[in-house]
Amino acid sequence: MDRDGYVWWYVDALSADGRQGLTIIAFIGSVFSPYYAWDPTRDPFNHCAVNVVLYGERANRFCMTERGRAALDREADHIRIGPSGIDWDGTTLTIRLDEVTAPIPNQVRGTVRLKPPGFTPGPHSLDADGRHRWWPMAPSSPVEVALSEPGINWRGTAYFDTNHGDTALEAAFTDWTWCRADLQDGAAILYDVHRRDGTAQALTLCFASDGTPREITPPRRAALPPTRFWRMPRHTRSDDGQAEILRTFEDTPFYARSHLAATLRGESVRPVHESLSLTRFSNPLVRLMLPFRMPRRV
Ligand SMILES: CC(C)=CCC/C(C)=C/C=C/C(C)=C/C=C/C(C)=C/C=C/C=C(C)/C=C/C=C(C)/C=C/C=C(\C)CCCC(C)(C)O
């Protein structure tokens with residue numbers, strides 16, 4: 001991987017009762033890191049991070065400690081970044097977490113285990129030149145969450161993807177919305193990007209549980225309200241052009257993550273949705289705010 005590049009592995013999970021959730025993102029070349037943006041050498045390996053966010057009734061925690069190249073250990077079957085890591089043994093993806101929240105320190109410690117029933121074909125190119133590649137490898141897997149800190153255990157389903165890029169995201173895109181939803185068998189994913197060159201791409205994908213692609217008719221645009229505090233614009237697509245916010249998981253100056261209720265492929269679904277503005281992220285004032293929740297430890 002060269003200057004300006006990145007890889008991230010993204011997992012989000014919801015409990016079967018829909019009351020608890022989490023997101024875990026492991027980064028080499030942390031794409032929203034101000035330290036990476038300010039680093040004249042633009043060395044992705046020197047900007048690694050594990051971002052863990054818990055959304056529960058009791059515990060809401062956000063960790064994102066950035067670390068240097070000495071904290072990274074990567075082989076074909078594992079990646080370790082500081083005290084946390086991801087291991088693949090051929091059937092189970094085991095994520096071991098040992099992270100601390102910021103600015104007020106609280107621990108997040110334990111394991112998250114995914115058993116993907118199969119893998120989708122991929123990757124998909126997000127830009128016109130193939131410099132940003134996204135592969136939703138396992139869009140719906142059984143997951144077991146066991147965290148001794150803050151003391152939560154649940155089962156549910158998880159989405160797992162991986163993203164590789166050769167340039168900064170803000171060099172290629174102005175904004176995007178993405179969502180993924182469990183179906184009775186498998187999952188549907190929508191990924192709508194606006195590129196800096198003025199073109200757009202709207203992906204509509206559907207997979208059976210074992211990863212086999214399925215037909216899906218591209219749904220209609222559905223309006224959503226902006227987030228309450230940072231007024232992040234949100235919109236999505238659904239069968240009937242209707243969608244509703246059940247909960248806003250993240251409301252930040254450039255990024256919103258939400259839990260929706262909508263209809264996709266004829267089923268009523270509960271998508272996990274994100275709205276990203278790279279125009280907002282590129283604002284120097286926004287970048288100055290991020291270290292409050294994204295400390296760097298070397
Ligand atoms: C007291 C002192 C010192 C000073 C007093 C002075 C003063 C007044 C200070 C005021 C400070 C203020 C206002 C600070 C505000 C700070 C704020 C708002 C920080 C917000 C941080 C947000 C973060 C970190 C978001 C990370 C998102 C992330 C990581 C999202 C990742 C998503 C991905 C990778 C896309 C996945 C795509 C696919 C699903 C396809 O894979």
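Remember, it's 1-based here, ligands and their atoms both numbered in the order they're listed. Computation of the quantities below employed the complete heavy-atom set of this structure, encompassing side-chain atoms and omitting hydrogens, waters and symmetry-equivalent molecules.
Applying the 4.0 Å criterion to heavy atoms of Leu290 picks out, from ligand 1, the atoms 20 (C), 21 (C), 22 (C). Per-residue contacts place Met64 under 4.0 angstrom from the following atoms of ligand 1 (heavy atoms of the residue considered): 29 (C). Near Asp161, meaning under 4.0 Å from any of its heavy atoms, are these atoms of ligand 1: 38 (C), 39 (C), 40 (C), 41 (O). Distances below 4.0 Å separate heavy atoms of Tyr191 from the following atoms of ligand 1: 40 (C). For ligand 1 and Trp178, the ligand atoms under 4.0 Å from any heavy atom of the residue are 39 (C), 40 (C). Close approach to Met294 involves these atoms of ligand 1, each under 4.0 Å from a residue heavy atom: 24 (C). Which parts of ligand 1 touch Asn51 is read off a 4.0 Å heavy-atom cut-off, strictly below it: atoms 29 (C). Those atoms of ligand 1 with a heavy atom of Phe27 less than 4.0 angstrom away are 34 (C).
Phe160 and Val272 are members of different hydrophobic clusters when ILVMFWY side chains are connected at heavy-atom separations under 4.5 Å.
Residue contacts with ligand 1 for Glu274 involve side-chain atoms from C-beta outward but no N, CA, C or O (heavy atoms, distance under 4.0 Å). Contacts between Asn163 and ligand 1 below 4.0 angstrom, taking non-hydrogen atoms only, involve the side chain exclusively. Of the heavy atoms in Ile25, only side-chain atoms (C-beta onward) come closer than 4.0 Å to ligand 1. At a heavy-atom cutoff of 4.0 Å, ligand 1 is contacted by no atom of Glu250, backbone or side chain.
Within the 4.0 Å cut-off (strictly below), no protein heavy atom is located near atom 6 (C) of ligand 1. Less than 4.0 angstrom separates atom 9 (C) of ligand 1 from at least one non-hydrogen atom of the protein. For atom 1 (C) of ligand 1, no protein heavy-atom neighbour is present inside the 4.0 Å cut-off.
With salt bridges taken as basic N to acidic carboxylate O contacts below 4.0 Å, none links Arg257 and Asp12. Taking 4.0 Å as the cut-off between side-chain N and carboxylate O, Asp166 and Arg133 count as a salt-bridged pair. Ion pair Asp239/Arg237 not flagged as a salt bridge, since none of the NZ, NE, NH1 or NH2 atoms sits closer than 4.0 Å to an Asp/Glu carboxylate oxygen.
In summary, the aromatic rings of Tyr159 and Tyr10 are positioned with their centroids under 6.0 Å apart.
Cation-pi check for Arg196 over Phe173 is not met; the charged atom does not lie both under 6.0 angstrom from the ring centroid and within 45 degrees of its normal. Taking the ring centre of Phe207 as origin, the terminal cationic atom of Arg214 falls outside the region bounded by 6.0 Å and 45° from the ring axis. Judged by a 6.0 Å distance limit and a 45° cone about the ring axis, Arg247 is not positioned over the six-membered ring of Tyr55.
A donor-acceptor pair under 3.5 Å is absent between the side-chain atoms of Asn163 and the main chain of Trp134, judged by distance alone.
Between the side chains of Ser141 and Lys115, no donor N or O sits under 3.5 Å from an acceptor N or O.
Relative to atom 26 (C) of ligand 1, the option among Phe62, Trp8, Tyr255 with the closest non-hydrogen atom is Phe62. Residue nearest to atom 28 (C) of ligand 1, selected from Trp135, Phe32, Trp230: Phe32 (by heavy-atom distance).
Looking at atom 13 (C) of ligand 1, its nearest protein heavy atom turns out to be Met289 SD, 4.2 Å. The nearest heavy-atom contact from the protein to atom 3 (C) of ligand 1 is Phe292 CE2, 4.1 Å.
Side chains of Thr252 and Phe254 form a contact here, defined as non-hydrogen atoms less than 4.5 Å apart.
Annotation for His235: atom NE2 counts as buried by contact number, over 12 foreign heavy atoms lying within 6.0 Å.
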